[in-house]
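Both ligands and their constituent atoms are indexed starting at 1 by order of listing. Computation of the quantities below employed the complete heavy-atom set of this structure, encompassing side-chain atoms and omitting hydrogens, waters and symmetry-equivalent molecules.
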Amino acid sequence: MSPLTNKRILLGISGGIAAYKSADLVRRLKDRGAEVRVVMTAGAQKFVQPLTFQALSSNPVHSDLLDPAAEAAMGHIELAKWAELILIAPASAQVMAKLTCGMADDLLNTLCLASEAPLALAPAMNQAMWRHPATTANAKTLRDRGVHLWGPAAGSQACGDIGPGRMLEPAELVLQAETMFGSSDCLQGKNVVITAGPTREALDPVRYLSNHSSGKMGFALAKAAQRAGAQVTLIAGPVNLATPAHVKRVDVVDAREMRAAAERAADLCDIFISAAAVADFRPAAAAEQKIKKQEDHDESSIALIKNPDIVAGIAARVERRPFTVGFAAETQQVEQYARSKLQRKNLDMIIANDVSRADSGFNSDHNAVTVIDRNGSDTLPPALKTDLARQLIEIIATKAQQ
Ligand code: PMT
């Protein structure tokens, strides 16, 4: 069941060429079980006829603040109270500016003022308008007020320009709405094991080899899986994060400890997700005492040996093999390298993240991922790791059932 089932979504449509995509958006929201009512600005009606949305939503389209007949049916305050989410798609620069100022000069912005429902905008405008300092400032003000900004995406625009300002595709907007309403119970009764964080490979009692993984991605997945109804065991390398509620946590330090904990927990699990950044190598021998600096040596070297590959070991099981998901942190040819890991490690799915991006990946609150399995790939829009985790759990749950 989709998290959108029976949810009351008020879809605001403002004037922009992307308004034609909103017809598909209504259909997709309805397919997920949402009840949809549409409000159109005057500008929107120049692009698409209200009748289209009336037919698709099975509800009359609202457009006039001062129409006595419409008010008699469902007044604007009633409509504002009815909504569990107001989504404006496309949201033009004009709508964003009006919302920033708190204007109430048409039905759509009046509803936004009168409603306590969460407000999400899917900006769509020319790239120069999106980049303009006025729009940038409006976007910041709206975000600071708790308004969700979904997109925009970048690419070629209807006007011929290339850059940021394209409305997210309807499928992506639906995913965002599902994420906002929280996971369904898609993992009810399932046992899920997740590894997270780095491993530390000791050189001596005070030094180690490690990496920049913070554990945020794995912890977000653990929380999302638990909320989706799973019994979750989280095997955590050394990180500084609180344990998500109702999740069983096993702390480990190095790769061999992580493997032992993973093998134990995997015996009972349905889904194994390897989000940890496991050190591929460890020092061949960890010194028992602190290694002393040799004043007469300008160079030094450390002999390394390979660590066990934890996720490949789980995926190689003949008996009690869970649906096995890996992550791939890559800095170049992301999809190609990830796909080769999917095959080499015999995984059911791999989630590739481009860790060359400064704004995502290791130790960031954000990530940008592509989900890859043997049937294809799906790139999710960059998002908070907490939001991505909910989307990934939905995808993993669906694939694990197939
Ligand atoms: O922790 P964060 O700061 O939130 O950052 C998240 C992340 C970037 C660490 C995470 O999203 C991620 O990409 N984790 C995997 C990083 C990685 O080390 O990838 P890899 O390409 O080296 O390994 C591929 C897969 O094999 C991974 O699932 C890894 O967990 C697993 N592996 C790797 C080596 C090894 N010895 N054992 C393993 O199980």
Side-chain angles (χ1 to χ4, degrees), residues 193-201 209-224 234-242 244 252-263 265-266 271-282 304-317 322-373 380 382-389 391-393 396:
V193 175
I194 298 171
T195 65
T199 62
R200 272 184 196 167
E201 310 297 328
L209 300 179
S210 191
N211 57 64
H212 293 293
S213 169
S214 62
K216 287 177 186 171
M217 190 69 243
F219 275 57
L221 285 163
K223 185 172 180 178
L234 175 61
I235 301 170
V239 295
N240 199 8
L241 295 173
V252 296
V253 176
D254 63 28
R256 285 171 295 171
E257 281 176 24
M258 186 173 272
R259 179 180 62 166
E263 287 288 347
I271 297 173
F272 183 87
I273 306 174
S274 187
V278 185
D280 288 320
F281 290 90
R282 67 177 184 274
L304 299 175
I305 54 170
K306 220 171 184 181
N307 263 331
D309 193 314
I310 301 168
V311 76
I314 303 286
R317 287 177 170 213
F323 184 84
T324 309
V325 181
F327 269 75
E330 305 293 348
T331 53
Q332 53 174 336
Q333 298 174 56
V334 176
E335 192 163 336
Q336 187 186 328
Y337 285 150
R339 196 168 277 288
S340 83
K341 279 180 189 165
L342 174 85
Q343 276 151 9
R344 202 171 62 244
K345 300 190 186 214
N346 189 33
L347 305 176
D348 298 300
M349 182 190 285
I350 195 153
I351 298 159
N353 21 216
D354 181 352
V355 292
S356 67
R357 295 171 59 121
D359 59 346
S360 67
F362 282 100
N363 201 15
S364 162
D365 287 332
H366 296 82
N367 211 355
V369 302
T370 300
V371 181
I372 303 166
D373 67 10
L380 305 184
L384 284 169
K385 284 179 178 169
T386 45
D387 289 343
L388 272 177
Q391 296 174 39
L392 290 172
I393 287 299
I396 292 168

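Annotation: side chain of P198 is in contact with side chain of V239 (closest heavy-atom distance under 4.5 Å).
Taking distance alone, with nitrogen or oxygen atoms compared against 3.5 Å, S364 stays at or beyond that limit from ligand 1. The shortest N/O to N/O separation between E330 and ligand 1 does not fall below 3.5 Å. Taking only nitrogen or oxygen atoms, main chain and side chain alike, M217 reaches within less than 3.5 Å of ligand 1.
Heavy-atom separations between K345 and ligand 1 include at least one value shorter than 4.0 Å. Heavy-atom distances between G361 and ligand 1 reach below 4.0 Å in at least one pair. Contact analysis leaves M258 out of contact with ligand 1, as no non-hydrogen atom separation drops below 4.0 angstrom.
A salt bridge does not link D254 with R282: every distance from a Lys NZ or Arg NE/NH1/NH2 to an Asp or Glu carboxylate oxygen is 4.0 Å or more. Comment: R317 engages E263 in a salt bridge, judged by a side-chain N to carboxylate O separation of less than 4.0 angstrom.
In the candidate list A255, A196, P308, P308 is nearest to atom 36 (N) of ligand 1, counting heavy atoms. Nearest to atom 14 (N) of ligand 1 by heavy-atom distance, out of G326, A329, G218, A275, is A275. Between atom 35 (C) of ligand 1 and the options V278, I273, N307, the minimum heavy-atom separation is to V278. By heavy-atom distance, the residue among G215, A277, A262 lying nearest atom 18 (O) of ligand 1 is A277.
Environment of NZ in K216: crowded, with over 12 heavy atoms of neighbouring residues, nucleotides or ligands closer than 6.0 Å. Residue R339 places its CZ atom among more than 12 non-hydrogen atoms of other residues, nucleotides or ligands, all under 6.0 Å distant.
Every atom of ligand 1 with a heavy atom of A276 under 4.0 Å away is listed here by number and element: 14 (N), 15 (C), 16 (C), 29 (C), 30 (O).
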